[in-house]
Amino acid sequence: STPALAPNSSPLATLTVSGKQFESDSYTNISEGIIKRMPRKLHQQKNHPINLIKERIVSYFYKKFVGRTGNPVFSVYDNLDPIVTTHQNFDALLVPRNHVSRQKSDSYYLNSKYMLRAHTTAHQSDLISSGLDNFLIIGDVYRRDTVDSTHYPIFHQCDAVRLQTQHELFPEEWDLKVFEKRPDKRTDDKQAEHTVDAVRILSYQLKTTLQDLAKTLFGPDVEYRWVEAYFPFTHPSWELEIKHKGEWLELLGCGIMEHAIVAKAGAGDRIGWAFGLGLERVAMRVYDIPDIRLFWSTDRAFLQQFAVDDPFTAVKYKPVSVYPICVNDISFWIPPHGDFSQNDFFDIVRTVGGDMIEEVSLVDQFVHPKKRLTSHCYRITYRHMERTLTKTEVNAVHNEIGRRATEVLGVSVRM
Ligand code: FA5
Ligand code: MG
């Protein structure tokens, strides 16, 4: 078995990820389970449901935005390296120094300089710098998160950027301006540099484009609503939610790009909109796939259902079969002076249990009145998507999780 990388492994150790070497340091927290899955690239596997959704979105943009000769104006980047610098993932997008998303407990770090992108937006400013005005970025993204049927530490996003000049946005005779002569006040509705008129027309374009995308993906009767949102890299910002099984589900975030980002990337004469959307959310709803882990299945009975030539072919997922769950609890004392984070424990569970893990939840915690120690009890639900697990096999994994947690996190397992 492969050892999990300790969160505080020796500062001299080097690690190899995607054939490249990185010096580890106090930030290193990438796990073996993640490294092993990085080459899968579900969005590039022909006929994989994530790939089919990608094809549907790309086709929508190719048809919707065409140039003078009928050529698509958007170009597609779906093969960019998911290893990025913290500068690309955060600083270039104006994410504040102390923003929660930078914490070690939320992202996978190779070291203090390199990380696995937490969103495809990480490539936005480089692509603008290279001269592009209209592009889509599609790729695998990585986040340390809770463990359940809709959360997996690797998922896929599609980002888009569309930049326009004064001349492209407003015909000469309209006498409307994109930029204020001198930066105005920043308000809830717009940035200081932009005019009300420009923001109004751009947000109309953005919203109708995304509403039509939702109708293309989910059918003309899909119920949707717009919700005000906040992102450091757009203002104003919104989220689009769709009705799914009677509940509102967040589909994407979007907004008018921060002028400082656009200007720094060399396109200061342009105004733009951008959005970022989760492909699993779309695929689960389009195909009625109940569990996010199914996308990682290599079972032919699953994959063959999506062997269609046209990505717009209607496919309704037929459950291969549902195998029984096996539930096991684990309780331990947390080391008194450490920086224990639940996500460190979740990573160990994932690394050891792989896709046998359906859910991990904290079911009890208390502080020992005399010893002043905190105890956590986690309930781990085991279920395999392709077979029935035996009690013996689950116990072996469960014990190994306890052993790793003791070794790596310094907890002491309570019997
Ligand atoms: C972002 O990642 C922003 N970069 C999106 C953006 C881009 C906004 C450009 C503005 C301009 P957020 O963390 O909300 O935002 O994720 C975007 C989408 O990814 C969500 O709406 C959702 O569809 C999907 N998503 C987020 N977290 C998960 C998850 N844990 N599992 C599955 N899908 C997720
Ligand atoms: Mg969000």
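One-based numbering, in listed order, for ligands and for the atoms of each.
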Under 6.0 Å between ring centres: does that hold for F61 and F74? yes
Does the ring of F218 carry R285 above it, NZ/CZ under 6.0 angstrom from centre and within 45° of its axis? yes
Given V327, which partner from the list E358, R383, R379 fulfils the side-chain contact (heavy atoms from CB on, under 4.5 Å) test? R379
The criterion is side-chain hydrogen bond (donor to acceptor under 3.5 Å, both in side chains); which residues satisfy it with S105, sequence neighbours excluded? Q103
Below 2.8 Å, which protein N, O or S atoms neighbour the Mg ion (ligand 2), ignoring water? E250 OE2
Residues in side-chain hydrogen bond (donor to acceptor under 3.5 Å, both in side chains) contact with Y224, at least two apart in sequence or another chain: Q211
Just the distances, no angles: every ligand 1 N or O to protein N or O pair closer than 3.5 Å, one line each.
from	atom 1	to	atom 2	distance (Å)
ligand 1	2 (O)	R143	NH2	2.9
ligand 1	2 (O)	Q157	NE2	3.2
ligand 1	4 (N)	H119	ND1	2.9
ligand 1	4 (N)	T121	OG1	2.7
ligand 1	13 (O)	R143	NH1	2.9
ligand 1	13 (O)	R143	NH2	3.1
ligand 1	14 (O)	E250	OE2	3.2
ligand 1	16 (O)	Q157	NE2	3.4
ligand 1	19 (O)	Q157	NE2	3.2
ligand 1	21 (O)	E250	OE2	2.7
ligand 1	21 (O)	L251	O	3.4
ligand 1	21 (O)	L252	N	3.4
ligand 1	23 (O)	L251	O	2.9
ligand 1	23 (O)	G278	N	3.2

Strictly distance-based, threshold 3.5 Å: is any side-chain N or O of Q191 a donor or acceptor partner for the main-chain N or O of H259? yes
Answer yes or no on whether R102 is positioned over the face of Y109, meaning its NZ or CZ is under 6.0 Å from the six-membered ring centre and within 45° of the axis. no
Pair Y142 + F155: ring centers closer than 6.0 Å: no
R97 bridged to D91 by N-O distance under 4.0 Å: yes
